[in-house]
Amino acid sequence: MAKRPFHAVSALAGLAVPTRLGEGRGDPGVTIEERVGLGLATVAARKGQAEALKGAVASAYGVELPDGSRVAHGPSISFVGYGPGQWLAVSESLVNETLARDLGQRLRGLASISDQSGGRAVLRVSGPRARAVLAKGLPIDLHPRAFTPGSAATSTISLMGVQLWQVDDAPTYDLAIFRSVSASFWRWLTASAGEFGYEVVGRER
Amino acid sequence: MRIRCPYCGERALEEFTYRGDATVRRPDSLDPGAAQAWVDYVYLRDNPAGLHKEYWHHSAGCHAWLVVTRNMSTHEIVAVEFAEKGASK
Amino acid sequence: MRYSVASLLANACTGNRYWKPLWREPELKPSYDVVIVGGGGHGLATAHYLAKKHGITNVAVIEKSYLGSGNVGRNTTIVRSNYLLPGNLPFYEWSMKLWEGLEHDLNYNTMVSQRGVLNVFHSDPQRDAYARRGNAMRLHGVDAELLDREGVRALVPFVDFDNARFPVRGGLLQPRGGTVRHDAVAWGYARAADSRGVDLIQNCAATGFRIEGGRVRGVETEKGFIAAKKVALACAGNSSRVAAMAGLRLPIESHSVQAFVTEGVKPVIDVVMTFGAGHFYVSQSDKGGLVFGGDIEGYNSYAQRGNLPVIEDVCEGGMALMPVIGRLRILRSWGGLLDMSMDGSPIIDTTPIDGLYLNAGWCYGGFKATPASGWCFAHLIATGEPHPLAAAYRLDRFAQGRVIDEKGMGAQPNLH
Amino acid sequence: MTTARQPNRLGEGGLIDRSQTVRFEFDGAPLAGHPGDTLASALLANGIRLVGRSFKYHRPRGILTAGSEEPSALVELRTGARREPNTRATMIELYDGLSAASQNRWPSVKFDVLAANQLFGPIFSAGFYYKTFMWPPTFWEKVYEPMIRRAAGLGRGAGVADPDHYEKAYAFCDVLVVGSGPAGLAATLAAARSGARVILCEEDFRLGGRLLAERYEIDGKPARDWVETVEAELEAQPECRILRRTTVQGVYDGGTYAALERVNDHVLKPLAHEPRQRLWRIVAKRVVVCAGALERPIVFGNNDRPGVMLAGAVRSYVNRFGLAPGRRAVIFADNDDAFRTASDLAQAGIEIAAAVDGRRTPSRAAQEAAEAAGARYRAVAVIERVRGLHGVKGVEIRDEKGRERMACDLIAVSGGWNPTLHLTTHLNAKPQWNDRLAALVPGALPPGMSVAGAARGTYGLAACLAEGEEAGAKAASECGFAASASRPRASDESVTASPLWQVAESKGKAFIDFQNDVAVSDVKLAACEGFRIPEHLKRYTTLGMATDQGKTGNANGAAVLAAVTGRYIGAVGTTTFRPPYTPVAISAFAGHHRGPDFRPARLAASHGFAEEQGAVFVETGPWLRALYYPKPGEEPQDSVNREVATVRGQAGVCDVSTLGKIDVQGKDASIFLDRVYANTFSTLPVGKARYGLMLREDGFVLDDGTTARLAEDHYFMTTTTVNAVKVMQHLEFCQQALWPELDVQTVSVTEQWAQFAVAGPRARDVLQGVVDPAYDLSNAAFPYLACGEVTVAGGVPARLYRLSFSGELAYEIGVPARFGEALIRAIMEAGAPFGLAPYGTEALGVLRIEKGHPAGGELNGQTTAHDLGFGKMLSTKKDFIGRFMAAREALTDPLRPTLVGLRPLAREDRVRAGAHLIPKDKEATARNDQGYVTSIAFSPSLGHWLGLGLLSRGPERHGEIVRAYDHVRGGDILVEVRPPCFIDPEGERVRG
Ligand SMILES: Cc1cc2nc3c(=O)[nH]c(=O)nc-3n(C[C@H](O)[C@H](O)[C@H](O)COP(=O)(O)OP(=O)(O)OC[C@H]3O[C@@H](n4cnc5c(N)ncnc54)[C@H](O)[C@@H]3O)c2cc1C
Ligand SMILES: NC(=O)c1ccc[n+]([C@@H]2O[C@H](COP(=O)([O-])OP(=O)(O)OC[C@H]3O[C@@H](n4cnc5c(N)ncnc54)[C@H](O)[C@@H]3O)[C@@H](O)[C@H]2O)c1
Ligand SMILES: Cc1cc2nc3c(=O)[nH]c(=O)nc-3n(C[C@H](O)[C@H](O)[C@H](O)COP(=O)(O)O)c2cc1C
Ligand SMILES: [Zn+2]
C-alpha cells in the first residue's frame with residue numbers, strides 16, 4: 001500500500017491565502033474565505049419517493065427538505081435545493097466523504113446519493129460590497145427585496161457554474177463552484193473585488 | 001429574453017439552451033411501419049411565425065427540460081412548464 | 001442604359017440628371033410563365049439566368065418589401081468555396097467562378113474583392129480537419145493553402161499569438177475568397193433581369209397559392225392573384241412560412257443572426273478572418289468599418305434582431321483573437337433571418353406539387369451561393385431537371401439519410 | 001507654461017469652474033479650458049472651430065452640436081495604445097493632459113491635399129462605384145480596389161492591443177429612467193419617492209438635460225436650482241441609483257437594457273483597480289424613456305462650414321459653457337423656440353446681424369424675441385449660401401425684397417426638433433409621422449416602456465415636467481408602489497412647426513449627412529435612378545450610415561426625398577434605428593473575457609504535479625491537459641516515443657479525470673441505459689464494466705465510453721472529454737422529456753473523481769503498492785473489465801476499474817479529487833521500482849491508434865456504427881435512441897468509408913491525418929476520392945508511422961495499396977490498407 005497517508009489538497013490551495021488586496025484605502029469591501037473539509041453530496045429523490053424522503057430526512061437529520069431553490073439548515077446538515085427533487089447536502093460535522101456515506105445508509109431506496117466533497121470549492125463571500133462584487137458576474141438579483149438569508153440559486157458567474165445561498169444579512173453568501181475552474185474563478189473574483197478592496201481570510205495553507 | 005423557470009424563477013437567456021420544436025412525438029422504433037413518422041420526428045419541424053411550443057434546457061440552472069410557448073415574431077413568452085408535463089404528451 | 005466611361009463623363013457634365021432608374025416600376029400582369037417569390041439575391045439571380053440563359057422572360061419577381069430588403073442586404077458579404085463535402089464543393093466553386101466574371105455579365109460593378117479568406121486553427125485535430133478540407137478542395141480544383149503559425153503571422157501580425165487562451169497554431173487560406181458588395185448584388189441582378197423584361201414587383205407579398213389537382217396555378221398576393229405556369233420560391237428565412245401556404249412542412253427552422261459594423265477607420269485588416277476557438281469572423285468594408293459577426297441566436301425567431309448574449313460572445317471572440325480592435329466602436333448591429341436546415345446544407349428541388357419549385361435552407365452561407373443558386377434554380381425551373389451541380393440538394397436526402405452535414409452536428413439546426 | 005488665454009470665454013456664467021484651469025493639446029498646440037468643459041467647448045473658447053475633414057470630399061468641418069448627435073467634430077483622442085479614432089469632441093469631458101488630433105487630413109487640417117476630391121464631385125456622386133472601375137477588367141483587382149480600400153475610414157485605430165480593463169455588471173430595478181432632463185428628473189423623483197427601486201441613466205456627466213443649456217425658470221427660480229434640489233433628494237433616496245456618464249444603448253427582450261457607463265473616460269487613464277468602462281445589463285420591470293429631442297439643421301448652400309451651429313447648441317455653449325461661439329451671429333430658423341437664442345446671445349454680448357425666419361408667414365413671437373435682442377428680424381427669408389472656407393465669413397440672405405450679403409462668423413440654425421425615439425424602436429416597433437410637429441414620434445411601445453417629454457413630442461417645459469412625473473408615478477404604481485405628485489410650476493412656450501427643410505435656391509453644395517458628405521444632389525441622383533424609398537436611398541447614398549446614424553440628417557433626407565419625388569413626407573417612410581444608440585467599444589462588450597480569461601480553463605487534479613514535472617500542456621475543449629512530459633534534451637517526439645515505450649514495456653500513469661463521469665442510479669437505471677446505448681447494459685453483472693456506444697436519433701454515432709455497474713441500481717458512466725456536457729444534456733432529455741416514468745437519476749460526478757489510468761505489463765505490481773492490501777488484484781480475483789470499490793493509503797475510498805485503452809494490462813483508479821495530487825504521487829512512488837513514468841495525451845493517442853480504437857478523429861459526427869466497425873453492436877432486441885434511423889440503407893452502405901488501418905509502404909514515410917485516400921495509379925481528382933486519414937501516430941513499438949482512416953469498402957480491401965494524398969502539406973505517399981489493430985490483435989495482453 002501507499003507508504004504515507006494521503007494529504008488532501010483543497011481546490012483553492014495556494015490561491016485563497018490570507019492577504020489584503022485591491023483598493024487599499026478604508027476597510028475592505030469584501031472578505032473571502034474558502035470553506036475546506038466540508039461534506040458535500042447531491043441527493044436526488046427516487047421516483048415517487050419525494051414525500052417519504054422528506055420524512056426520512058426530517059427524522060434522520062432534523063431538518064425539513066426545502067421546496068424550490070432555498071437552503072434549510074439542520075443541526076448537522078444544510079440542504080440546498082438545486083433542482084426539482086434534487087439537493088446539495090452540505091455539512092461541517094460529517095466531513096468529506098463521510099457525509100455521502102451517512103446519507104447513503106439512512107436514505108437507501110429513497111434517494112440517489114453522489115459524493116461531491118472533492119468536486120466543489122465552497123467560497124464564503126461577505127461584506128458591505130459583496131452584492132456589488134457578485135453583480136459583476138451573477139445574472140441574479142441579490143437585492144434584499146428579492147434574495148434573503150435562506151434563498152439559494154443555481155446559475156453562472158462569468159461562464160462558470162455556481163450554486164449560491166445567502167447565509168446572513170452582512171450580507172454573507174456561500175458559493176459552491178466546480179473544482180476544476182477554481183483558478184479561473186479566482187481570477188474573476190479578485191478582479192471584480194479589487195475596486196472595493198478585499199481581504200482573504202482563513203488558515204494559512 | 002427572460003424565461004420564468006418553474007423551479008428557479010425568471011432567469012436570463014444565457015442560462016438556457018435551445019432544442020426546438022416540442023410538438024413532435026417520438027415514434028416506436030420497433031414498428032416497421034413507422035418510417036414516415038420517424039422522418040417527420042427527426043427532420044420536419046413546425047416553424048410558425050406566431051406561437052410555438054419548444055424545448056429549452058435550463059442548462060446553467062436546475063437542468064430541467066422545459067416546454068416554452070413563445071411567439072417567434074415578438075419573442076413574447078406565454079407559458080413555461082416542465083417537459084415532464086410538456087407538449088409531447 | 002449601359003454604363004461606360006463615356007456615359008459616366010457625359011452624365012457628370014450634365015449634372016447627373018439623365019441617369020435612368022435601375023429597374024422599372026411595372027404594372028403587374030395577370031399571368032406569367034414563371035413567378036418567383038422573393039426579391040433577394042437568389043430570386044433576382046434566378047430571374048436573370050432564366051432570362052439570359054434560358055430565354056424565359058415572361059417572369060415576375062414578387063417581393064414582400066423592397067428589393068434587397070432581406071438577407072442579401074444584411075449579410076457580411078463573405079464569398080468562398082472552402083467546403084469539405086463533395087455535395088457542396090463543385091456548387092460553391094462554380095459560384096466563385098460566376099462571381100469572378102459578374103461585373104461584366106451584369107455591366108455592374110458589385111465590387112468583388114478577392115482578398116482571401118483565412119480560417120485560423122488552434123489545435124492539431126483542428127489542423128487535421130482543415131487539412132482534410134484543404135485536400136478535398138484541391139481535389140476539386142479549388143485553391144487552398146494550409147498555413148503554419150508564421151504563415152498566419154505574416155498575413156495578420158496583430159493577432160494575439162502570445163497571451164491567448166487558445167493560441168493560434170495556423171490557418172486554412174483560400175486566396176480567391178473574399179467579399180462582394182451585398183446591396184450591389186441585388187441591384188445588379190435586378191437591373192440585368194429588368195433590362196430583359198422581367199417584372200420586379202415590390203411590396204407584394206405572396207399570401208397563398210392556388211393549387212388544383214396537385215398542380216400550382218398561381219400565387220395569391222397582396223396585389224391580387226397572379227396566374228403562373230410555374231412558381232419558384234426563393235424566400236430565404238421565410239421558406240417554412242411560405243411553403244406552409246402550399247401545405248408543405250420543411251426540414252427547416254428560422255433563426256435570427258446578428259451582424260455588426262464599427263466606425264470607419266483606416267485599413268486594419270485586409271483579409272477575411274475567422275476565429276477557430278469561438279464565434280467571430282471579420283472583414284473591413286470599403287468605408288473602413290469592420291464588418292463582423294459570429295454565432296446565430298440559437299432559438300427560432302422571425303424577429304430579425306438579436307439579444308445581448310450573442311453580442312457579448314462575438315465581441316469576446318474578437319478580443320480573444322485580435323485585441324487591437326478593442327477601442328474601435330460598434331456603430332450599428334442588426335439581424336437577419338435564416339433558414340437553418342437539418343443538415344446545414346441547402347435545398348434546390350422540385351416539390352410534391354407540380355410546377356412549384358423550392359430554393360431554401362441556405363443557413364448563414366447563401367450569399368456566396370447567389371450566382372450558382374440562381375444558375376441552378378433557373379436550370380431546374382426551365383428544364384424540370386436538377387442541375388448536376390446541385391444534384392445533392394434534394395429534399396429526399398433527409399429521409400434517405402444522405403445528408404450533407406459539414407459540421408457533423410446532426411438534425412439540430414441551431415448547431416450547424 | 002502660463003495658461004493660454006481663452007479669447008472666446010465669457011467673463012462669467014455657465015457651469016464651468018473658472019477658478020481652475022485644465023491643460024490640453026489639439027493638433028500639438030497647448031491650450032487650456034476649465035473643469036466642466038467638453039473638448040468642443042474648450043476648443044470654441046480658444047477660438048478654434050475648424051476641427052476636422054469630411055469622409056469623401058475632405059471638406060473643412062467644425063462643431064455642429066453640443067451632444068452625442070455630433071456628426072462633424074470627430075477627433076483622434078489620446079495617443080499610443082489608447083488612441084481612439086472618430087471621438088466626438090462634444091462628448092469628451094476635458095481633463096488635464098488631454099491630447100486630441102484632427103483626422104482625415106494631410107498634411108494639416110487647414111491644408112488638406114485630398115480636398116481636391118471636391119473637384120470630382122460630379123463623378124464621385126452617389127453609387128458611382130457600381131458604374132465604374134470596370135475597364136480594363138484587370139485593373140479592378142490591381143489598381144482600383146486597393147485604391148478604394150486605402151481611402152477607407154476617417155481616424156486611425158491604435159494598432160496595438162487595448163491596454164485597459166473593462167467589466168460587465170447586472171442591475172435590477174422596478175423603474176429605469178432614461179435621461180435626466182426635466183421629464184426624466186420628474187419621472188425619477190416621482191418613482192423614487194414611492195419607494196420603488198429606481199435607476200436613472202444619464203449620458204451626460206451632469207444631470208439636467210436641456211435645463212443646463214436654457215435659461216428656463218421652475219417654481220420661479222432658475223431651472224438649474226431645481227435640478228440641484230432634485231439631484232440632492234435623489235442622492236438621498238436609498239433605493240435610487242443615479243448612473244451618470246451612462247448611455248442606455250439598446251433595448252432587448254424581456255425588459256433587458258444595455259447601458260454603457262464611461263467610468264474612467266474623463267481622466268488620463270483609468271484609476272487602479274477600476275475599469276475604463278462598465279457594460280450594465282439592466283433588467284427593469286418598467287422603463288420611462290425621457291431621452292429628449294434632437295434639433296435638426298436646415299439644408300442650404302455650404303451649410304457645413306465651421307461656424308454653422310444648431311441654435312440649441314449655441315445656447316448650450318453660451319449658457320452652460322460660458323463662451324461665445326462667435327462674435328457676430330445670424331439666426332436662421334423655422335420655429336419660435338430657436339429665436340429665443342437671440343436674447344441669450346445678446347445677454348452674452350454677442351452681436352446679432354439678423355434673425356432670418358424661413359417660415360412662409362412672419363411670426364410675432366419670433367420678431368419680438370429678435371428685436372428685443374436688438375436683432376433685425378427678416379421674415380420669409382432664407383440663407384442661400386454661406387461664405388468662407390475654413391469658417392463662416394458671411395451669408396447671402398434672400399427675401400421678398402431681394403438678396404443681401406452680410407458678414408457674420410456664426411450661424412445659429414434650427415429646422416425644428418426630432419423626438420429621440422431610438423429606444424422605442426429597437427424591438428421592431430415603427431415610429432409614426434406627426435404633422436403638427438413635422439417629426440416622427442414614438443409608435444407602438446415595447447412591453448413595460450413609456451415615453452415622456454420631448455422624446456414624446458412634448459416640448460413645453462411645464463408639460464415635460466408634468467408628463468415625466470405622471471409617467472414615473474404610473475411606472476412605480478404598476479410595480480406596486482403608490483406615488484405622490486409635487487407638480488413643479490413652469491411656463492410653456494408654444495410649439496407649432498411649419499418646417500423649412502431646405503433652401504431650394506441654395507448655391508453651392510447643400511449637405512444633409514455631414515459626415516458621409518451626402519448632399520441634396522446625391523438624393524436627386526438616387527431618386528432619378530429609382531432609389532425612391534428611404535431604405536434604398538440610405539444604402540445607395542450612405543445617408544444616415546455614419547457614426548451619428550443620421551441623428552441630424554435622416555429627417556432632412558426624407559424631406560428632400562419627398563420633395564424630389566413629389567410626395568407627402570409623412571408617406572415616404574423612414575429607415576430603421578438599431579442599437580447601439582451611440583457607438584460602443586468592442587472591448588466593453590467583451591469585458592473580463594479576453595486573453596487568458598477569454599474562457600475558463602479547467603485544470604485536472606494532477607495539474608500541479610504535471611507542472612512540477614515540466615509537462616507541456618494542450619487545450620482540449622475547456623481543459624488544459626498534459627500533452628507529454630519532456631525529459632532534458634528530448635525533442636517532443638522523443639518524449640512521446642519514450643512514454644509509449646514505457647507503457648508497452650513497463651508501466652505508465654496518465655490523468656484521465658477529464659472524461660465525463662456520470663452516476664446513473666435508480667430502479668430503472670438498467671432499462672434507461674439499454675435505451676440510450678445501442679448495446680445492452682441490463683445484462684451487465686454488478687462488478688463489471690462494458691464498452692458502450694451511443695447514437696443520435698438520426699442514427700449517427702454520438703459518443704462512446706465504458707460504463708461500470710457498481711450495484712443493482714447504480715451505474716458509473718464515462719463519456720469522451722469533448723462530449724461530456726452534450727451527453728449529460730442528452731441523458732436529461734431522455735429522462736425528463738421521453739421517459740419521465742422511469743425511476744432513474746443522473747448526476748455528473750466528473751469533478752468529484754480524480755481518475756488515473758495505470759497501464760503496462762507492470763501495472764498490477766504498481767497498483768499493489770497503492771491499493772490497500774485487503775484487496776486482491778490477481779487476475780482471478782480482479783479480471784479484465786472487473787470493477788469495484790477499494791481503499792488506498794489506508795482507508796481513502798477509491799474506485800478501481802480494469803479497463804484498457806492502450807491494449808496493455810491496465811487499470812483506471814479514481815479517488816475524490818482532493819486526493820488526486822496525492823494519488824498520482826503515490827503511484828509514481830510505487831511505480832518507481834518498475835520503471836513507471838507519467839504519460840500525456842499524445843502518448844495516450846499513439847497507444848489507442850496502435851490498437852485501432854476509434855476516438856476524436858473518427859467520432860466526428862459524420863460516422864455511423866457501421867463506419868467504425870461497430871455494426872454488430874447495434875442490438876436488435878430492444879428499442880434504443882437512433883435504432884430506427886441507423887437501419888437506413890444509406891447509413892450501412894458498404895460504399896461508405898469504413899475504418900481501416902494504414903501503414904506507409906516506405907518505412908520512413910509519414911502519413912498525415914487529413915490526407916485523402918485515392919486508389920493507387922488513379923489520378924488525384926474528386927472522382928477518385930475514396931476516403932481520408934482520421935488519426936496518425938508514430939509507433940515506437942513498430943518503428944514507423946501508422947494511421948487510421950475511413951475508406952470506401954475498407955474491410956474488403958486489407959492488403960491493397962492506396963495513395964494518401966496530402967497536397968496542402970506537399971505529401972502524397974503510398975500506404976497499405978490493414979485491419980485497424982496493429983498490436984496484439986488477439987488482445988491477450990489486456991487479459992494478462
Ligand atoms: C447577418 C448575416 C450574415 C450573413 N453572412 C453571410 C456571409 O458572409 N456569406 C454568405 O455566403 N452568406 C451570408 N449570410 C447568408 C445569406 O445572406 C443568405 O443565405 C442569402 O442572402 C439568402 O438568399 P437571398 O439573398 O435570396 O435571401 P433574401 O435576400 O432574404 O431574399 C428572400 C426574400 O424573400 C422575401 N420574401 C419572404 N417572404 C415572402 C413572401 N411571402 N412574399 C414575397 N416575398 C417574400 C423577403 O422579403 C426577402 O427579400 C448571412 C446572413 C445574415 C443574416
Ligand atoms: N420649445 C421647443 O421647441 C423645444 C423642443 C425640444 C425640447 N425643448 C425643451 O427641452 C426640454 C425637454 O425635456 P426632456 O426632459 O424631455 O429632454 P432633455 O433634452 O431635457 O433631456 C434628455 C436627456 O436624456 C439624455 N439622454 C438621451 N438619450 C439617452 C440615452 N440613450 N441614455 C442616457 N441618456 C440619454 C440626454 O443626455 C439629455 O440629458 C424641455 O425643457 C423642453 O422645453 C423645447
Ligand atoms: C456589409 C455591411 C456593411 C454595413 N455598413 C454599415 C455602415 O457603415 N453604417 C451603417 O449605419 N450601417 C451599415 N450596415 C447595416 C445597415 O445599415 C443595415 O442595418 C442592414 O443592412 C440591415 O438593415 P436594417 O437594419 O434596416 O434592418 C452594413 C451592413 C452590411 C451588410
Ligand atoms: Zn431552472
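Chain letters run A, B, ... following the sequence lines, proteins first and then strands; every chain starts at 1.
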Over all atoms of both residues, closest heavy-atom pair of M342(C) and Y43(B):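 Where M342(C) meets Y43(B) most closely, the heavy atoms are CG-O, 3.2 Å.
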Shortest non-hydrogen separation from S301(C) to H75(B) and the atoms involved: OG-NE2, 2.7 Å
Contact listing (chain B partner; residues 302-319 of chain C; heavy atom under 4.5 Å):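 Within residues 302-319 of chain C, the residues that come under 4.5 Å of chain B (heavy atoms only) are Y302(C), A303(C), R305(C), N307(C), P309(C).
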Residues of residues 402-415 of chain C contacting chain B, heavy-atom criterion under 4.5 Å, by residue number: V403(C), A411(C), Q412(C), N414(C)
Let me know if [X] has heavy atoms under 4.5 Å from chain C in its side chain, its backbone, both or neither.
X      : value
D46(B) : both
T17(B) : neither
E14(B) : both

Residues 390-399 of chain C, side-chain donor-acceptor partners within the protein, below 3.5 Å, at least two apart:
unit_1, atom_1, unit_2, atom_2, d
Y393(C), OH, N88(C), OD1, 2.7
R394(C), NE, D349(C), OD1, 2.8
R394(C), NE, D349(C), OD2, 3.2
R394(C), NH2, D349(C), OD1, 3.3
R397(C), NE, D343(C), OD2, 2.7
R397(C), NH1, P346(C), O, 3.0
R397(C), NH1, R394(C), O, 3.2
R397(C), NH2, D343(C), OD1, 3.0
R397(C), NH2, D343(C), OD2, 3.3
R397(C), NH2, S345(C), O, 2.9
R397(C), NH2, P346(C), O, 2.9

Pairwise distance CH2(W56(B)) to OH(Y299(C)) - rounded to 0.5 angstrom: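 The OH atom of Y299(C) is 7.0 Å from CH2 of W56(B), to the nearest 0.5 Å.
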Straight-line distance of M340(C) CE to R45(B) CZ, nearest 0.5 Å: 13.5 Å
Worked verdict on N300(C) versus R70(B) for side-chain contact (heavy atoms from CB on, under 4.5 Å): CA-CA 10 Å; N300(C) 285 30; R70(B) 192 175 60 98; 4.0 Å; yes
Donor-acceptor under 3.5 Å (R249(C) side chain, N47(B) main chain):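 No, because the side chain of R249(C) does not come within donor-acceptor range (under 3.5 Å) of the backbone of N47(B).
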Any residue meeting side chain to side chain donor-acceptor pair (under 3.5 Å) with T221(C), in chain and number order, not counting sequence neighbours: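 Once residues adjacent in sequence are excluded, T221(C) has no partner under the side chain to side chain donor-acceptor pair (under 3.5 Å) criterion.
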